[in-house]
Amino acid sequence: RTTRGAEREHALEELEQRLIEADVGVEAAVIIRDRLEEYLRTSPGPSLEELVGVIRKQLLDLMRAPVPPPLAEPEERVAPYVVLIAGVNGSGKTTSLGKLARHYAKEGHRVMVGAADTFRAAAVEQLAIWAQRAGADLVAQKPGADPASVAFDAVTAAKARGHSVVLLDTAGRQHTKVNLMNELAKIRRVVNKAHSGAPHESLLVLDATVGQNAVSQARLFHEVLELDGIFLAKVDGTAKGGVVVPIIRELGLPVRWLGVGEGIDDIEPFSPERFVEAMLA
Amino acid sequence: TLTARLEDIFSKLQGKGKLDEKSVREALREIRLALLEADVNYRVVKDFVARIQESAVGEEVLSSITPGQQVVGIVYRELVRLLGDEAEPILWKGPMPLVIMLVGLQGSGKTTTAAKVASLLKARNKKVLLVAADVYRPAAVDQLRILADQLEVGFYRMDDVPPKEICTGAVERATREIVDVVILDTAGRLHINEPMMEELSGIAAGVKPRERLLVLDGMTGQDAVRAAQEFDKRLDLTGIIMTKLDGDARGGAALSVRAVTGKPIKFIGVGEKLEDLEPFHPSRIASRILG
Ligand SMILES: Nc1nc2c(ncn2[C@@H]2O[C@H](COP(=O)(O)OP(=O)(O)OP(=O)(O)O)[C@@H](O)[C@H]2O)c(=O)[nH]1
Ligand SMILES: Nc1nc2c(ncn2[C@@H]2O[C@H](COP(=O)(O)OP(=O)(O)OP(=O)(O)O)[C@@H](O)[C@H]2O)c(=O)[nH]1
Ligand SMILES: [Mg+2]
Ligand SMILES: [Mg+2]
């Protein structure tokens, strides 16, 4: 009986380790482990498969976002549909925006891209290349210009010229820098002034390699932007991006997109089932 | 805070006798939690906690501080010891020019850090050449060129040739022009991308950089070790630069990567400006990890 207990302890620890190594965080890992122990009490000698099945179900339950998805697709009556992209430095915003521009262009939309990162070296040049690859138009100003002014111009130009989708790139920023978060709030207000109802979608681009700090990022960007969802980039690496589990639990934010590479077509709509499978692989 | 949580556990000890095994075990659970929340690697945490257990159990309870503070002290000192010495210096000794190669995952801060290192060395009166060896990312060459112009340091680029040739060409030019330091900015890549990792080995074989530094994002979670180990295996890194520590990331990846590779953390990035590079201080990172 004691070897059975020790085996069980060992199996539970292995499973808990896998979850923590997937970056789900200690709290979620403990919740799942407790559920497993409960399951083991009531079911005699389950197979490893059954245990993984319990974990799978737990993860999917934890990922059920209570918030209904917003305008999932641009609708004619709100045109142009405005998407605001934000996130910390280097998370993959500009590249992800390029992928989204391509996605909407393939669906037949006329896409406008706004280069509201006026700070980082060659940010506009980088975005211009993505816009060109996606077949989108670009609005930009000189480096050092007011980002809110560029965002305003992009939305206004899109309205005047009949674009149906506007994608706004912003500069990477640490969520703990109040002045930079205020700048983001200002961009949002100005965009709303340019077009009532805009931004229709505010997306946080998260790097899948980030650890528990992602929760803090999501919280603070959500406070400023009332996020509609998350674009999880770089899932083609070995990081599992499990930190979206506590984010979904705590903030109810859905993951909308996955970035699966550095090419313009390396984008997938989020599927909780496939995501959980990859996490348990 | 961790100290407060440990105070609760030890409140029954009342400042006499020894740190008993049961209280220490409870304390270790809290310490383990704090380290995992700080993104320290699971296995590194396991080894670390085992080490603390050994040194804490049976310790005389000091009368000058609370047992909770005493245990935090033990943990803190062990963290500092593990994180390694104060900033190990740049490897100047050897043939000139000194070639510094920066590598790492996508978006970790290599290009910006290349310019920061250039700025630091220029301030020390070194003649610097920044090399744009990222031929993949849109406008990567422009990005580095703009930074090089801002700093008024040498800049090297070449179109339509592979990165290895760019780097060997740069070192040839640096040798002719008696440049002190050549800094190679390489493209971000996944450690599981075989041809891209081969490319790095090829560059290293071609120009034999004396400094091979991994630029690691300070917010990296459990994946830090996987990536660091692979880069280390291919290149035998001489050090690590941890970036973006100006946010509220606890930076546990620093401990993980140091513990697993044994390589020194030489600098930390603390902002987007070119002067935002600091030498590594284990004491500060230890406090940060402990929260
Ligand atoms: N492997 C992989 N790399 C990605 C992915 N998305 C972006 N990247 C890479 O990540 C790096 C940073 O991407 P950017 O788009 O410049 O990131 P950013 O958030 O706009 O950066 P800043 O504007 O400087 O804050 C680039 O090398 C991209 O190619 C992805 O899904 N997979
Ligand atoms: N806040 C902060 N931002 C940083 C730091 N270091 C770099 N960055 C920012 O991080 C983002 C990415 O930096 P890059 O230098 O483009 O990163 P990279 O590693 O060269 O990216 P790839 O070449 O695409 O792999 C930029 O927005 C930088 O300004 C730092 O220490 N703190
Ligand atoms: Mg960008
Ligand atoms: Mg770069």
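Quick caveat, the model's predicted, so the values are computed rather than measured. So that the names make sense, note that chain A is the first sequence line, chain B the second, and so on, each numbered from 1.
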Top contributor to chain B contacts, counting heavy-atom pairs under 4.5 Å, from [options]:
options: Thr238(A), Asp236(A), Val30(A); value: Thr238(A)
options: Gln217(A), Gln17(A), Gln212(A); value: Gln17(A)
options: His175(A), Glu27(A), Arg173(A), Arg133(A); value: His175(A)

Using the rule given for side-chain hydrogen bond (donor to acceptor under 3.5 Å, both in side chains), can you reason through Ser216(A) versus Asp248(B), listing the C-alpha separation, both sets of side-chain angles and the distance that settles it, and then say yes or no?
CA-CA 8 Å; Ser216(A) 170; Asp248(B) 61 349; 2.8 Å; yes
Looking only at heavy atoms, which two atoms of Asp246(B) and Gln174(A) are closest? And how far apart?
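Nearest heavy atoms, Asp246(B) then Gln174(A): OD2-CG, 3.7 Å.
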For Val215(B) and Thr113(B) the tightest heavy-atom approach is CG1-OG1, 4.0 Å
Per-residue contact mode, [X] against chain B (heavy atom under 4.5 angstrom):
X: Glu13(A); answer: both
X: Val88(A); answer: side chain
X: Val26(A); answer: side chain

Taking Arg284(B) first and then Glu278(B), would you say they form a salt bridge - that is, a charged N and a carboxylate O separated by under 4.0 Å?
yes
Regarding Arg274(A) and Glu268(A), does a basic nitrogen lie under 4.0 Å from an acidic carboxylate oxygen?
yes
Out of Arg137(B), Arg32(B), Glu37(B), Gln150(B), return the one with the most heavy atom pairs under 4.5 angstrom to chain A.
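The residue among Arg137(B), Arg32(B), Glu37(B), Gln150(B) with the greatest pair count is Arg137(B).
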Look at Thr220(B), Asp142(B), Val225(B) and state which one has the largest set of heavy-atom pairs under 4.5 Å with chain A.
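Answer, by heavy-atom pair count under 4.5 Å with chain A: Thr220(B).
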Applying side-chain hydrogen bond (donor to acceptor under 3.5 Å, both in side chains), run through Thr243(B) and Asp217(B) and close with a yes or a no.
CA-CA 5 Å; Thr243(B) 61; Asp217(B) 192 320; 4.6 Å; no
Derivation of the salt bridge (charged side-chain N to carboxylate O under 4.0 Å, His left out) call for Lys99(A) and Asp266(A):
CA-CA 7 Å; Lys99(A) 295 170 182 177; Asp266(A) 292 331; 5.6 Å; no
Interchain contact, [X] with chain A, by part (heavy-atom threshold 4.5 Å):
X: Arg250(B); value: neither
X: Arg145(B); value: neither
X: Asp39(B); value: side chain

Nearest 0.5 angstrom please: Met242(B) CE to Ile240(B) CD1, how far?
8.5 Å
Gln126(A) and Gln143(B): side-chain donor and acceptor closer than 3.5 Å?
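No, no side-chain donor-acceptor pair sits under 3.5 Å.
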Residue by residue, scan residues 227-235 of chain B and write down, ordered by number, those that have a heavy-atom distance under 4.5 Å to chain A; if none do, write 'none'.
none
Determine, stepwise, if the pair Leu255(B) / Val44(B) fulfils side-chain contact (heavy atoms from CB on, under 4.5 Å).
CA-CA 8 Å; Leu255(B) 179 65; Val44(B) 171; 4.2 Å; yes
Apply the test side-chain contact (heavy atoms from CB on, under 4.5 Å) to residues Leu144(B) and Asp134(B): give CA-CA distance (whole Å), side-chain angles for both, the deciding distance (0.1 Å), then the verdict.
CA-CA 10 Å; Leu144(B) 190 65; Asp134(B) 178 354; over 6 Å; no
